[in-house]
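Scroll down for the structure; my scribbles are underneath it.
Chain naming here is simple, since letters A, B, ... match the order of the sequence lines and numbering starts at 1 in each. Treat the numbers as computed from the prediction; the structure is a model and nothing was measured.
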Number of protein chains: 2
Amino acid sequence: MKITIKKIAEVAGVSRGTVDRALNRRKGVNPEVARRVIEIAEQLGYQPDLAAKGLAAKRYTPKKIGILLCSGGNPFFDEVLEGIHDALDELKVFEVKSSVKFTKGFDLKDQLKKLDEFRQEGIDGLVITPVYSELVAEKLKAMKREGITVVTINTDIDDSGRLAYVGCDYVKSGKAAAGLLGMMNSGKEERVILVVGSQMVLAHAQRLKGIFDTLREDYKNIRVSRIIENNEDDETSYQLIKEALQEDPGLMGICFAGAGHEGGLRAIKELGLAGVLRVVTYDMTDVVKKNLKENVIFATVCQEPYKQGYLGVDILGKYLLTRKRPAETCVYMHIYIATKYTL
Amino acid sequence: MKITIKKIAEVAGVSRGTVDRALNRRKGVNPEVARRVIEIAEQLGYQPDLAAKGLAAKRYTPKKIGILLCSGGNPFFDEVLEGIHDALDELKVFEVKSSVKFTKGFDLKDQLKKLDEFRQEGIDGLVITPVYSELVAEKLKAMKREGITVVTINTDIDDSGRLAYVGCDYVKSGKAAAGLLGMMNSGKEERVILVVGSQMVLAHAQRLKGIFDTLREDYKNIRVSRIIENNEDDETSYQLIKEALQEDPGLMGICFAGAGHEGGLRAIKELGLAGVLRVVTYDMTDVVKKNLKENVIFATVCQEPYKQGYLGVDILGKYLLTRKRPAETCVYMHIYIATKYTL
DNA sequence: CTGAAAGCGCTTACAG
DNA sequence: CTGAAAGCGCTTACAG
């Protein structure tokens, strides 16, 4: 076998308890001794045995992870949640407990409130889809000071002291959608419209940027004739898109950069444009699936939702159990394209 | 905590050793007693603790996994191999050893020989990309009788007694490629050519089927004007495709259903058809990446190579350590589409 | 066929 | 600040 704590203890001439305390940066060790032990461990290439750690952990206070998602009403997060649960299940062996909370959409106040609830309950780590606000960043920093480790998933937030971000590069995902429109371009001058929830949503703004950059550089004969903000609301989406399509009957395509496609798709179908207007969406919800099958949506750009949830929890769990940080602070998901044939 | 072996021992009125022997179907337990122990364990919902199993396993003979890949010269397998190594690394905690062997392409004789080598060395489990031959199926069955558990990845083989198959649904991946050609169809009657390694390679034949089915059903104005067999050889590919393109200058697209695109792509570039002829490929090798970036390949259909390797080993490892079978015998990979923008 | 015991590597309450 | 010891859950060589 390999280097164990026992071996290190022998070499350092101290007890295994002291080695454990030193390596895990626990308090109450002579700094001199600690330094030496750590150095010896590094020299010998010590790798802690996770199985043994897990087993020993069972005797003492369990770790607790909080999960806070802005997913109310957004089916995209069902798959994220699957990943979260699978990772939590695997952590159960190590006696890691968990508690999951949701807010309806990106509601700032509600998020702040739920964060305080978690602080009261007492958690060791948090996986969160943060609302993009300084208030949240501040609160996360305060929680860090209290010893709570934070991992952001799906959306990131600056200067919050988080351990890692697991999610999408949204500019890149914008490019992917533009590439699809380009692929379907006939070679003639054509117009498309873009639909976002709000340009204030960071992810949507970044996707727009990716789309514009790509069209400008690679597909000069595609012009964006209009940007519609639907607030991710289906009724708004329906009205605005219906209008837009009627005013500009020769459109080649439309790209939904955020949620709320259902209404827009309804408008498209009513106007008899299904299968004609090239529709590109994001993610893979039931609505998207249905409309891919019916040839209304041509393709959709995906971002590994399951993995976002799984890795978010996994990275946090590994850190809590072993203080091991992920190799990269930002773990970007694979961006890929799905069609009716890949379902 | 939960139900442990100790608890079961108490309830059954036997020692922990006996419980262990009964639950793991080891020999030398009174059948009556074994039956009762197993029943009690089920009743109590006993779930063995992996960490403890791993720790205990360290004291005794390690398990050994053999890996046998038909990957010589095929860059697609680099990523499969990454997944394999990551999974093996995780198994090291449980003292699982491994040995990896390769054959050059799908060489039947070489595969049979390497299988015998593994038997000699003594392995407990095998992850293999089987050559599609009855001789292989027979040998795998023989190995099963000797107590070796087999998992197939990337390609399956019937009636071989394997524990599971992890890989692609090739008919479906054929459909995905056809869908891409369809997406790029101008609406007019158009012709495409298909390139395979050999129609004798099961995966290629299945992809062809998927492509034909889809074109027939959904894209009636795309006609396959020719099928080229390139033996996955670049020179052959170059020659045949150059000829084909010269004979039929109005082609809309070409789909490479197997390896050996490099030569074909060279022909396309020489004839000045880069960016004009719609090229669809499979998988994501360095050659594919380069040609996506240069706008020669429009899109490529992928099949989670990393995951194939990872899960193949993971499923086998879990089975060897805990006799737990995967939920599904056939674990199908996600099929997805990549473009230059998703790189 | 069965039980008692040792030990896998790590952690912490306890005593000093 | 440090060491000796117990124990997390499981497995097997050993003795009977």
Sorted by chain and number, sequence neighbours left out, side-chain contact (heavy atoms from CB on, under 4.5 Å) with A:Ala9 holds for A:Arg16, A:Val19
Protein and nucleotides 13-16 of chain D: nitrogen or oxygen contacts under 3.5 angstrom:
{"from": "D:dA13", "atom 1": "N6", "to": "B:Arg21", "atom 2": "NH1", "distance (Å)": "3.4"}

Near DNA chain C, which residues from residues 22-29 of chain B have a heavy atom under 4.0 Å away?
B:Gly28, B:Val29
What is the distance, rounded to the nearest whole Å, between atom NZ of B:Lys58 and atom C1' of D:dT12?
17 Å
Length of the line joining A:Lys53:NZ and C:dG9:C1', which is rounded to integer Å
10 Å
How about A:Thr103 and A:Lys113: do any of their side-chain heavy atoms sit closer than 4.5 Å?
no
With respect to the phosphate group of C:dG3, does any side-chain polar atom (N or O) of B:Thr18 fall under 4.0 Å of OP1 or OP2?
yes
Atom pair distance, as rounded to whole Å: CD in A:Glu10 and C1' in D:dG3
15 Å
The criterion is side-chain contact (heavy atoms from CB on, under 4.5 Å); which residues satisfy it with A:Ala34, sequence neighbours excluded?
A:Ala22, A:Val29
Go nucleotide by nucleotide along DNA chain C from the 5' end; which of B:Ala57 and B:Gly13 gets its closest nucleotide reached first?
B:Gly13
What is the distance, rounded to the nearest whole Å, between atom CG of B:Leu55 and atom C1' of C:dG7?
9 Å
A:Glu32 backbone acceptor or donor facing A:Asn30 side chain under 3.5 Å
yes
Roughly how many Å apart are D:dC10 and D:dC14, using the P atom of each and rounding to a whole number?
23 Å
Closest-nucleotide 5' rank along DNA chain C - winner of B:Ala56 and B:Ser15:
B:Ser15
Short of 4.0 Å, heavy atom to strand atom, which residues of residues 30-48 of chain A count as contacting DNA chain D?
A:Asn30, A:Val33
Who passes side-chain contact (heavy atoms from CB on, under 4.5 Å) against A:Asp86, sequence neighbours left out?
A:Tyr306, A:Tyr310
Going by side-chain contact (heavy atoms from CB on, under 4.5 Å), name the residues that satisfy it together with B:Asp124, two or more places apart in sequence or in a different chain.
B:Lys63, B:Lys64, B:Leu320
Pairs in or reaching into residues 135-145 of chain B: which pass salt bridge (charged side-chain N to carboxylate O under 4.0 Å, His left out), with residues at least two apart or in two chains?
B:Asp116-B:Lys139, B:Glu138-B:Lys141, B:Lys141-B:Asp159
By side chain to side chain donor-acceptor pair (under 3.5 Å), B:Tyr332 pairs with (sequence neighbours left out) none
Going by modelled atom types, is there a donor-acceptor pair between the base of C:dA4 and the side chain of B:Arg16 at under 3.5 Å?
no
Strictly below 4.0 Å, N to O, side chains only: are A:Glu121 and A:Lys101 in salt-bridge contact?
yes
Consider the side chain of B:Val14, meaning its heavy atoms from C-beta on, and name the nucleotide among C:dG3, C:dG9, D:dC10 that approaches it most closely.
C:dG3
Of all residues at least two apart in sequence or in a different chain, which pass the side chain to side chain donor-acceptor pair (under 3.5 Å) check with A:Ser15?
A:Thr18
Would you say that A:Lys53 contacts A:Asn24 through its side chain, given a criterion of any heavy-atom pair below 4.5 Å between the two side chains?
yes
Test: salt bridge (charged side-chain N to carboxylate O under 4.0 Å, His left out). Region: residues 305-314 of chain A. Which pairs qualify, not counting sequence neighbours?
A:Glu304-A:Lys307, A:Asp314-A:Lys318
Rounded to whole angstrom units, what separation is found between the NZ atom of B:Lys6 and the C1' atom of C:dA5?
14 Å
Under the 3.5 Å Watson-Crick or G-U criterion, the dot-bracket string of DNA chain C, with | for inter-strand pairs:
|||.||||||||.|||
Indicate yes or no: does A:Arg35 engage A:Glu39 in a salt bridge with an N to O separation below 4.0 Å.
yes
In whole angstroms, how far is the C1' atom of C:dG9 from the CG atom of B:Asp49?
14 Å
Are the side chain of A:Gln308 and the backbone N or O of A:Gln303 linked by a donor-acceptor pair below 3.5 Å?
yes
